[in-house]
Undergrad: 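Take a look at the following structure, please.
Start at 1 and go down the list; that is how both ligands and their atoms are numbered.
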Amino acid sequence: MIVAVGADHGGYTLKTSVVAALRAAGHETLDLGAFDEQPSDYPDFALAVAEAVRAGKAERGVVVCGSGVGACVAANKVPGIRAGIAHDTFSAHQGVEDDDMNVVCLGARVIGRELALEVVRTFLGARFSGAERHVRRLAKVREIEKRFASDEE
Ligand code: RB5
């Protein structure tokens with residue numbers, strides 16, 4: 001699978017581990033930065049990953065910041081992106097199976113390296129169930145997205 005990965009300074013070190021683990025597992029990885037621990041802004045990397053997924057350059061995305069929250073908020077602003085924070089394996093697979101989550105967000109100051117790597121493995125191994133109730137709910141999510149698409153704050 002092609003996986004886009006990004007992080008701000010808070011997530012840089014964990015991103016390095018995620019990229020290495022993904023490559024070792026045979027995934028093609030688009031590492032979209034940051035490439036060092038200099039202070040940086042999580043929206044830049046959340047956007048880069050979200051755009052790669054939206055454009056079909058990557059099938060899934062992983063974004064790491066300090067808490068996972070900022071990255072998740074930013075990634076979800078991109079239409080077609082269904083980002084979620086997963087710091088446990090249940091959320092990592094159920095978020096895909098039920099909610100078709102296509103970007104997982106991790107907080108490097110919240111979760112340890114080994115669990116984070118397991119979360120990413122679980123996320124990538126999961127598939128959307130296609131169950132009617134989930135398709136219906138996702139259609140409602142898309143309606144919300146469309147309704148506010150042209151609004152400016
Ligand atoms: C940066 O210090 C921090 O705010 C960021 O990594 C992230 O935790 C935001 O949600």
Undergrad: Taking the side chain as everything from C-beta on, heavy atoms only, tell me whether I2 gets closer than 4.5 Å to K57.
TA: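 SC-SC contact between I2 and K57 ruled out.
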Undergrad: For L22, what residues pass the side chain to side chain contact (heavy atoms under 4.5 Å, CB included) criterion, not counting sequence neighbours?
TA: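 L22 satisfies side chain to side chain contact (heavy atoms under 4.5 Å, CB included) with V3, V5, V18, H27, T29, V120, L124 once adjacent residues are dropped.
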Undergrad: Return the protein residues near ligand 1 (heavy atom under 4.0 Å from any of its atoms), ordered by chain and residue number.
TA: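 Within the 4.0 Å shell of ligand 1, which is judged on heavy atoms, sit D8, H9, Y42, C65, G66, S67, V69, G70, R109.
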Undergrad: Looking at residues at least two apart in the chain, or sitting in another chain, which of them share a salt bridge (charged side-chain N to carboxylate O under 4.0 Å, His left out) with R82?
TA: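 By the salt bridge (charged side-chain N to carboxylate O under 4.0 Å, His left out) rule, R82 matches D100.
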Undergrad: Return the CD to CG distance between Q38 and D8, rounded to the nearest 0.5 Å.
TA: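 One gets 12.5 Å once the value is rounded to the nearest 0.5 Å.
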Undergrad: Would you call E143-K140 a salt bridge at under 4.0 Å N-O?
TA: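 Judged by the 4.0 Å cut-off on N to carboxylate O distance, E143 and K140 do not form a salt bridge.
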Undergrad: Listed by chain and number, what are the side chain to side chain donor-acceptor pair (under 3.5 Å) partners of D98, not counting sequence neighbours?
TA: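 In terms of side chain to side chain donor-acceptor pair (under 3.5 Å), with neighbours along the sequence ignored, D98 is linked to H134.
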